[in-house]
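Reading through the structure tokens given below for one structure.
Below, all heavy atoms of this structure are taken into account, side chains as well, without hydrogens, waters or symmetry copies. For clarity, every value in this text was computed on a predicted model and none was experimentally measured.
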Amino acid sequence: MEGFTPGQVKVLPPEVFEEMRPDQFKNLDSKAMEGFTPGQVKVLPPEVFEEMHPDQFKNLDSKAVKGFKPGQVKVLPPEVFEKMHPDQFKNLDSKAVGVFSSEQLAEIPPKVIGKMNPDQFETLPLAALGGFQPVQVKKMKTDLFRGMAPQAFAEINPDAFAGFSPNKFNALLRSWYQSLNQTNLDLLDLSFSRR
């Protein structure tokens, strides 16, 4: 597959990629990745993504990222994420974000994490939250933390707390307070009155 140009890749019908082997994909010129379409990415067997290298990912057209399925994202080597750019992340489906590992999340550049939308944040698996780095947390929008559950907060990498600002902590506290319903407040009141 070496020598393919973006233009040549772009005109190939998606079904051509259904049987692509990992050894072919590994040798695909990184520049050719610019020609991939969402339909072509969608049909690639997950095992080919195990062979993806960072320069291939970097050159993948941002619209083509819309074709990623969770099973494909799950097997991507963590180091490919260090080359991700904001437009790619913006186009990544929330279901695909929902299979991130902590190792993958840790490699995403802070400027990219700063573009995370609420749907993507909410679908992150609890185990992935351990991958957050201080510089990533610092770049994240404060409103992402408004709906964070206490059990999710407990999973965040301890080092990442260096990236929390007072505004982010206040957003969390407001969210947790708003999630208390009257029944919870009554139970809380009863437990204090029994003391």
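A donor-acceptor pair is defined here as one N or O able to donate and one able to accept, closer than 3.5 Å; such a pair exists between the side chain of Q24 and the backbone of R21.
For the pair K138/P110, no side-chain contact is recorded, criterion being any heavy-atom separation below 4.5 Å from C-beta on. Taking the side chain as every heavy atom from C-beta outward, L105 and I113 approach each other to under 4.5 Å. Within the 4.5 Å cutoff, side-chain heavy atoms of E107 are placed close to those of E82. Looking at L124 and L129, their side chains come closer than 4.5 Å, going by heavy atoms from C-beta outward.
Residues passing the side chain to side chain donor-acceptor pair (under 3.5 Å) test with T37, sequence neighbours excluded: Q40. Among residues two or more places apart in sequence or in another chain, the side chain to side chain donor-acceptor pair (under 3.5 Å) test is passed with S165 by none. Residues that satisfy the side-chain contact (heavy atoms from CB on, under 4.5 Å) test with K66, not counting sequence neighbours, are P38, N91. Not counting sequence neighbours, the partners of K141 by the side-chain contact (heavy atoms from CB on, under 4.5 Å) test are D143, L144. For K95, the side-chain contact (heavy atoms from CB on, under 4.5 Å) partners are P70, D93, not counting sequence neighbours. Looking at residues two or more places apart in sequence or on another chain, you find no side chain to side chain donor-acceptor pair (under 3.5 Å) involving E18.
Legend: salt bridge (Lys or Arg N to Asp or Glu O under 4.0 Å) pairs involving residues 31-40, not counting sequence neighbours, sorted by first then second residue: K31-E34. Counting only residues at least two apart or in different chains, ring pair (Phe, Tyr, Trp, His ring centres under 6.0 Å) contacts with residues 93-114 comprise F81-F100.
Of all heavy-atom pairs spanning P14 and G39, the tightest one is CB-O, 3.7 Å. Heavy atoms only, all atoms of each residue included: P125 and G98 are closest at CG-O, 3.2 Å. Residues K111 and K115 share a closest heavy-atom pair of O-CG, 3.5 Å. In terms of heavy atoms, S102 sits closest to A127 at CB-O, 3.5 Å.
V135 and M140 end up in different hydrophobic clusters when Ile, Leu, Val, Met, Phe, Trp and Tyr side chains are linked at under 4.5 Å. Taking hydrophobic clusters as Ile, Leu, Val, Met, Phe, Trp and Tyr residues chained together by side-chain heavy-atom distances below 4.5 Å, M20 shares a cluster with F4.
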Review item, side-chain donor-acceptor pairs of residues 155-162, under 3.5 Å, at least two apart:
| from | atom 1 | to | atom 2 | distance (Å) |
| --- | --- | --- | --- | --- |
| N157 | OD1 | D159 | N | 3.0 |
| N157 | ND2 | F132 | O | 2.9 |

Cut-off 3.5 Å, no hydrogens considered: what does the side-chain donor-acceptor table look like for residues 47-56, sequence neighbours left out?
| from | atom 1 | to | atom 2 | distance (Å) |
| --- | --- | --- | --- | --- |
| Q56 | OE1 | H53 | N | 3.0 |
| Q56 | NE2 | F25 | O | 2.8 |
| Q56 | NE2 | L28 | O | 3.0 |

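Here the straight-line distance linking atom CD of E122 with atom CE of M116 works out to 11.5 Å at 0.5 Å rounding. Between the CD atom in Q104 and the CE atom in M84 there is a gap of 9.5 Å [rounded to 0.5 Å].
Counting heavy atoms of neighbouring residues, nucleotides and ligands inside a 6.0 Å radius, atom NZ of K69 exceeds 12 of them. Heavy atoms of other residues, nucleotides or ligands lying less than 6.0 angstrom from CD of E19 number 12 at most.
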Applying side-chain contact (heavy atoms from CB on, under 4.5 Å), run through S62 and H85 and close with a yes or a no. CA-CA 8 Å; S62 62; H85 48 87; 4.2 Å; yes
Dump the intermediate steps for side-chain contact (heavy atoms from CB on, under 4.5 Å) on F68 and L76, then the final yes or no. CA-CA 11 Å; F68 269 111; L76 282 168; 4.1 Å; yes
